[in-house]
Protein chains: 2
Amino acid sequence: MPTIKDIAKQLGVSVSTVSRALNNHPDIREETKQEVLEAMKRFNYTPNAVARSLIQRKSNTVGLMIPDITDPFFSAMAHDVEEVLSENGYQVVYVNTSRRPDKEKRFLTSVMERKMDGIIVTPDFLDEEAIELLQRLDIPVVFLRRRPPAGLGMPFVDVNHYEGTCNAMDYLFSLGHRRIGFIGMPRYSFTGQERYRGYVDSLNRQGIEPDSKAISWNGRTIECGYKAMGRLLQDAPDMTAVFAANDLLGIGALEYSARHHIAVPGRISVIGFDNLEMTNLHWIKLSTVAQPRKEMGRQAAELLLQMMQSNQRTADSIILDTELIIRSTCSPVNGPDDNKE
Amino acid sequence: MPTIKDIAKQLGVSVSTVSRALNNHPDIREETKQEVLEAMKRFNYTPNAVARSLIQRKSNTVGLMIPDITDPFFSAMAHDVEEVLSENGYQVVYVNTSRRPDKEKRFLTSVMERKMDGIIVTPDFLDEEAIELLQRLDIPVVFLRRRPPAGLGMPFVDVNHYEGTCNAMDYLFSLGHRRIGFIGMPRYSFTGQERYRGYVDSLNRQGIEPDSKAISWNGRTIECGYKAMGRLLQDAPDMTAVFAANDLLGIGALEYSARHHIAVPGRISVIGFDNLEMTNLHWIKLSTVAQPRKEMGRQAAELLLQMMQSNQRTADSIILDTELIIRSTCSPVNGPDDNKE
DNA sequence: CTGAAAGCGCTTACAG
DNA sequence: CTGAAAGCGCTTACAG
């Protein structure tokens with residue numbers, strides 16, 4: 001591989017001149033520049049970005065740390081993150097943490113050693129050590145779908161889980177429902193907590209006491225939703241609707257109902273959260289709350305870009321709105337279906 | 001950020017010594033080494049991987065070029081690629097080409113400039129320019145789900161689309177089907193072509209003439225499958241089964257049938273390809289052909305690792321087997337359901 | 001076992 | 001407009 005030196009030698013000019021042509025610096029005669037450029041082409045010269053990074057203290061790479069690229073949410077975000085960043089000359093190195101604390105830390109260390117210019121992170125564990133690493137990095141970082149620890153002053157971009165849930169609940173209220181069950185994901189999940197908060201507050205605002213027998217914490221899968229629906233129907237038989245904290249759980253609830261000949265939305269209404277593609281399947285048509293997932297990736301990347309350009313460590317966070325998607329799994333209490341009985 | 005030089009100065013030793021401690025080179029006294037390591041900790045020293053890459057001519061990064069991380073296939077592969085590579089000390093920079101030739105080339109150029117150690121690629125366009133770039137790279141490259149142009153000698157890893165299709169067809173034959181329709185993705189798609197080949201050859205082996213009225217080329221979506229099913233049912237009404245070249249198409253066929261009260265598998269059997277998660281949904285239960293998608297990513301990464309270690313440009317390709325997944329959308333011709341009529 | 005020196009491939013003041 | 005020189009932060013023969 002020829003270097004800048006080889007080109008210089010061939011042309012009998014100095015490396016400075018070659019460098020100036022390469023970076024189209026103004027201090028070079030147009031003719032000289034053309035000659036150099038031509039020679040570069042002739043010798044198949046490719047600039048060495050590593051050498052350039054070393055001296056410029058800028059690697060033009062950003063890190064993306066997510067729990068699992070296999071999750072449609074994160075892959076959608078990763079897609080847009082890459083798109084806007086690569087358009088701006090950055091390469092993105094990504095890592096799946098698999099929600100393992102050691103891998104999160106390993107990544108942060110790597111960010112430091114590789115001299116990355118900025119990172120977008122969705123951490124699940126932030127102990128003191130990780131927080132300290134994050135600070136020592138001294139580069140722009142934006143949190144995606146997570147809140148940064150107070151005091152770090154780093155921005156985040158996320159959806160308004162709380163409000164999205166309130167909207168879903170209000171929709172259910174507008175249909176006349178009062179006894180509404182909750183099928184949640186694991187208790188420790190951040191998004192799960194936010195959605196639960198929305199559920200409880202909505203109930204309270206209607207003067208309804210949350211009923212612990214109508215609340216179930218589970219995993220995140222269809223099977224979990226299936227089982228939870230069974231339990232809830234038994235423990236709180238007066239329930240007329242169910243809010244599932246994510247679509248997989250909601251689909252599980254639907255499946256339980258289908259297998260046990262429980263009419264949805266006749267006997268019970270079901271609403272989900274996420275708007276996964278499959279919720280729009282002909283057999284499902286789950287009403288749910290949509291999140292602008294691609295938008296999120298784009299916003300995070302643009303925010304980071306802005307911080308890198310202005311060399312700032314802090315910025316305003318971005319909270320995106322959700323959208324209520326009404327399909328076929330909710331109906332009024334005592335509605336047409338009920339009358340048929 | 002302290003450098004090796006700062007540490008050396010603090011301790012009154014040479015930079016060589018510090019470097020030796022860092023790389024635990026044998027030529028250093030244990031005590032000295034400990035002192036240095038301790039000082040590094042004290043001053044929060046982090047080695048600069050960029051400088052190291054420059055001098056070692058090894059960046060410890062590999063590139064992953066895929067069409068779209070949002071496609072469950074590629075995200076599954078990307079997951080495992082990252083897992084095995086990061087375990088071996090490599091960082092992976094990924095790019096979505098969005099099936100755009102310019103982005104493919106831009107990536108290849110970047111690989112060259114960034115001095116990546118190896119790449120895994122799923123190209124959709126390989127013109128002469130791209131091929132030349134690929135050769136000039138002079139690093140290990142493995143193709144994923146694509147065949148390298150002959151003469152390059154580069155290995156690929158993929159699933160046996162042809163055989164998977166033959167297995168599905170044989171299953172249909174075993175159920176007594178003879179008039180079998182084909183719903184394909186776009187004609188130019190590599191995987192689509194392979195599966196079509198399997199379809200036609202299977203038919204021929206049974207002495208059945210492929211019927212152009214029972215063959216439909218489409219897009220890749222559920223909606224495409226829906227429309228195709230309508231057309232096929234009209235043009236080839238004697239058809240008793242349909243092979244859909246991917247699951248989305250198969251689901252669309254199922255949806256058309258459901259809406260038009262066409263019994264599946266009673267009136268017509270449907271089989272797909274891919275084994276997407278949603279095909280196992282209670283309402284769908286599509287029989288299909290499974291591909292070991294995570295396995296594919298792992299194999300590609302391990303193959304690349306091996307090539308990088310042995311510094312080879314060539315290796316044996318890996319063709320993975322598919323698995324026939326029998327669920328509920330296929331039944332014998334003149335089977336129980338038919339008798340009910 | 002330790003250190004001085006050269007060098008990886010660039011960029012960037014500084015002089016002219 | 002051009003060139004000589006220093007330097008980015010390391011590693012690696014080479015001498016001792």
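First the proteins, then the strands, lettered A, B, ... as listed; each starts at 1. Keep in mind that what you see is a predicted model, and the values were worked out from it rather than measured.
For the pair B:Thr17 and C:dG3, the criterion of a side-chain N or O lying under 4.0 Å from OP1 or OP2 is met.
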Footprint string (nucleotides 8-16 of chain D, 5' to 3'): B base within contact, S backbone only, - free, heavy atoms under 4.0 Å: BBBBBB---
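Under the salt bridge (Lys or Arg N to Asp or Glu O under 4.0 Å) criterion, A:Arg100 pairs with A:Asp102, sequence neighbours left out.
A:Gln312 and A:Thr314 share no donor-acceptor pair across their side chains, judged by distance under 3.5 Å alone. When only modelled atom types and interatomic distance are considered, B:Gln306 and B:Glu302 share no side-chain donor-acceptor pair under 3.5 Å.
Under the 4.0 Å criterion applied to side-chain N and carboxylate O atoms, B:Asp124 and B:Arg146 are assigned as salt-bridge partners. With salt bridges taken as basic N to acidic carboxylate O contacts below 4.0 Å, one links B:Lys58 and B:Asp117.
For the pair B:Ser110/A:Gln91, a side-chain contact is recorded, criterion being any heavy-atom separation below 4.5 Å from C-beta on. A 4.5 Å side-chain heavy-atom check between B:Val111 and B:Met116 finds at least one atom pair inside the cut-off.
Contacts of A:Thr32 with the nucleic acid, taken as non-hydrogen atoms under 4.0 Å apart, involve only primed sugar atoms and P, OP1 or OP2. Within 4.0 Å of A:Val50, counting heavy atoms only, lies no atom of the nucleic acid at all.
Here the side chain of A:Asp71 pairs a donor or acceptor atom with the backbone of A:Phe73 at under 3.5 angstrom.
Taking a pair as Watson-Crick or G-U wobble with both distances under 3.5 Å, DNA chain D forms stems of 3 or more consecutive pairs at C:1-3 with D:14-16, C:5-12 with D:5-12, C:14-16 with D:1-3.
Summarising the geometry, the separation between CZ on A:Arg29 and C1' on D:dG3 is reported as 14 Å, rounded to the nearest angstrom. At whole-Å resolution of the value, CD in B:Glu30 and P in C:dC1 are 10 Å apart.
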